[in-house]
S.K.: 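A single structure is presented below for examination.
For ligands, and for the atoms within them, numbers begin at 1 and follow the listed sequence. The basis for the numbers below is simple: all heavy atoms, side chains too, and nothing from hydrogens, waters or symmetry mates. In this chain, numbering begins with 1 at the start of the sequence shown. If you're wondering where the values come from, they're calculated on a predicted model, not measured in any experiment.
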Amino acid sequence: MIVDEIYSKNSERKLQEFNMRERGIISLKDALEKNQNGPGIIAEYKRKSPSGFSNKSNTDILKYFDGIQRIIAGISILTEPQYFGGTPLDAEAVQCYNKPILIKDFISSESMIKSSYMSGGDAFLLICDFLDYASIKKLVQYGKKLGMDALVEVHDPASVKNIFPDENVILGYNRRNLKTLKMEDNSEEMYDNLKSYGLPVVLESGINHENINKLHIEKYQGLLIGSSLLSGDTIRW
Ligand SMILES: O=C(O)c1ccccc1NCC(=O)[C@H](O)[C@H](O)COP(=O)(O)O
């Protein structure tokens with residue numbers, strides 16, 4: 001499975017050695033909780049993805065965020081180069097918008113969290129479908145020491161047992177099954193379970209102008225949107 005491959009290559013990733021932060025931490029969790037008029041949009045930047053997305057319309061990252069900075073609550077950056085065409089330079093570059101930056105890499109170690117922090121990240125991703133409870137707990141607590149929030153994401157209902165709820169945690173439901181790469185939306189069934197933790201919940205993947213009014217988005221504190229916005233889609237509700 002591609003995602004297993006990505007995790008297995010984490011040990012080969014070149015980590016950020018120099019502190020490229022230009023500002024203090026901006027809490028993604030606070031930004032989503034403060035967002036009044038409905039869910040906050042977390043706009044994701046990527047040049048490509050394993051499910052076949054290729055960014056042809058917005059190849060200039062700063063031009064892209066110049067254009068949408070007024071309508072978004074946060075920024076998601078994939079710095080992974082091989083599968084997403086990313087680089088830590090993307091995270092460093094978007095600090096200028098003073099929006100919370102989520103490093104959406106497949107984080108599996110404290111050194112990757114530290115590297116995300118040094119690149120300008122304010123939050124990081126932990127995926128319950130691939131990391132066990134003990135790892136999620138350890139990494140959430142390490143990130144908390146740096147002042148960072150953790151987006152603790154699930155797709156498979158069986159992975160909910162790996163959630164470690166803490167004050168720096170945001171929960172995410174990924175509509176995409178990262179084991180099959182298929183969009184398998186179980187959000188109706190999963191939402192109440194996730195909401196019972198009393199933490200903000202973000203809906204992720206495959207959100208576009210055609211389905212946004214069918215996804216009951218008013219229940220969520222955040223929407224994580226990549227491909228459709230990068231392809232020029234207009235998202236409004
Ligand atoms: O997007 C993929 O193809 C993908 C494949 C394997 C693992 C993760 C993948 N994407 C990461 C994400 O979760 C999405 O980039 C993010 O939720 C935005 O999704 P979208 O709006 O559909 O681009």
Side-chain angles (χ1 to χ4, degrees), residues 1-10 13 28 32 39-59 61 64-65 68 71-87 90-91 94 101-108 112 116 121 123-131 150-156 159 170-187 190 194 200-212 214-215 217 220-237:
M1 268 181 285
I2 277 194
V3 176
D4 286 330
E5 237 175 77
I6 298 173
Y7 272 109
S8 68
K9 291 183 176 176
N10 275 347
R13 291 280 304 273
L28 177 61
L32 294 178
I41 293 178
I42 305 168
E44 181 163 281
Y45 194 83
K46 53 190 173 185
R47 293 180 182 78
K48 60 180 179 177
S49 79
S51 56
F53 171 73
S54 174
N55 179 357
K56 295 186 170 60
S57 313
N58 285 284
T59 53
I61 186 169
Y64 176 63
F65 283 109
I68 64 168
I71 64 159
I72 63 174
I75 294 174
S76 170
I77 297 285
L78 284 134
T79 76
E80 195 283 329
Q82 185 179 347
Y83 296 90
F84 293 93
T87 162
D90 290 339
V94 298
I101 299 167
L102 167 66
I103 303 298
K104 195 93 173 352
D105 288 7
F106 298 16
I107 302 283
S108 55
M112 287 183 81
S116 301
F124 56 95
L125 171 70
L126 298 173
I127 308 180
C128 295
D129 296 34
F130 294 90
L131 299 172
L151 176 65
V152 174
E153 171 188 298
V154 295
H155 173 79
D156 182 346
S159 305
I170 303 158
L171 296 179
Y173 174 73
N174 199 327
R175 301 175 69 235
R176 180 178 282 112
N177 180 333
L178 302 191
K179 293 178 178 169
T180 64
L181 303 192
K182 298 244 177 316
M183 214 57 78
E184 296 166 1
D185 189 334
N186 212 358
S187 54
M190 288 288 285
L194 295 180
V201 182
V202 173
L203 185 64
E204 305 172 51
S205 295
I207 301 170
N208 55 49
H209 75 280
E210 283 159 2
N211 63 20
I212 193 157
K214 300 171 197 151
L215 293 173
I217 58 163
Y220 295 92
Q221 284 68 55
L223 303 176
L224 198 147
I225 308 176
S227 314
S228 61
L229 279 175
L230 284 165
S231 306
D233 204 0
T234 306
I235 300 286
R236 87 165 51 88
W237 61 84

S.K.: Check Arg47 with Asp90, please: is the shortest side-chain N to carboxylate O separation under 4.0 Å?
M.R.: yes

S.K.: Anything with a heavy atom under 4.0 Å from ligand 1 counts, so go ahead and list those protein residues by chain and number.
M.R.: Val3, Glu44, Lys46, Ser49, Pro50, Ser51, Phe84, Lys104, Phe106, Asn174, Arg176, Leu178, Leu181, Glu204, Ser205, Gly206, Leu224, Ile225, Gly226, Ser227

S.K.: Could you check whether the rings of Tyr173 and His155 sit parallel, tilted or perpendicular, using 30° and 60° as the cut-offs?
M.R.: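 Geometry flag for His155 against Tyr173: parallel rings.
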
S.K.: Taking side chain as C-beta onward, heavy atoms only, is Ile235 less than 4.5 Å from Ile212?
M.R.: yes

S.K.: Checking ring-ring contact (aromatic ring centres under 6.0 Å, His included) for the pair Tyr45/Tyr64: CA distance, chi angles, key distance, verdict?
M.R.: CA-CA 9 Å; Tyr45 194 83; Tyr64 176 63; 5.8 Å; yes

S.K.: Salt-bridged, Glu153 to Arg176, with N to O below 4.0 Å?
M.R.: no

S.K.: List for me each residue that meets side chain to side chain donor-acceptor pair (under 3.5 Å) alongside Asp105, sequence neighbours excluded, and say none if there are none.
M.R.: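 Asp105 satisfies side chain to side chain donor-acceptor pair (under 3.5 Å) with Arg13, Thr79 only.
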
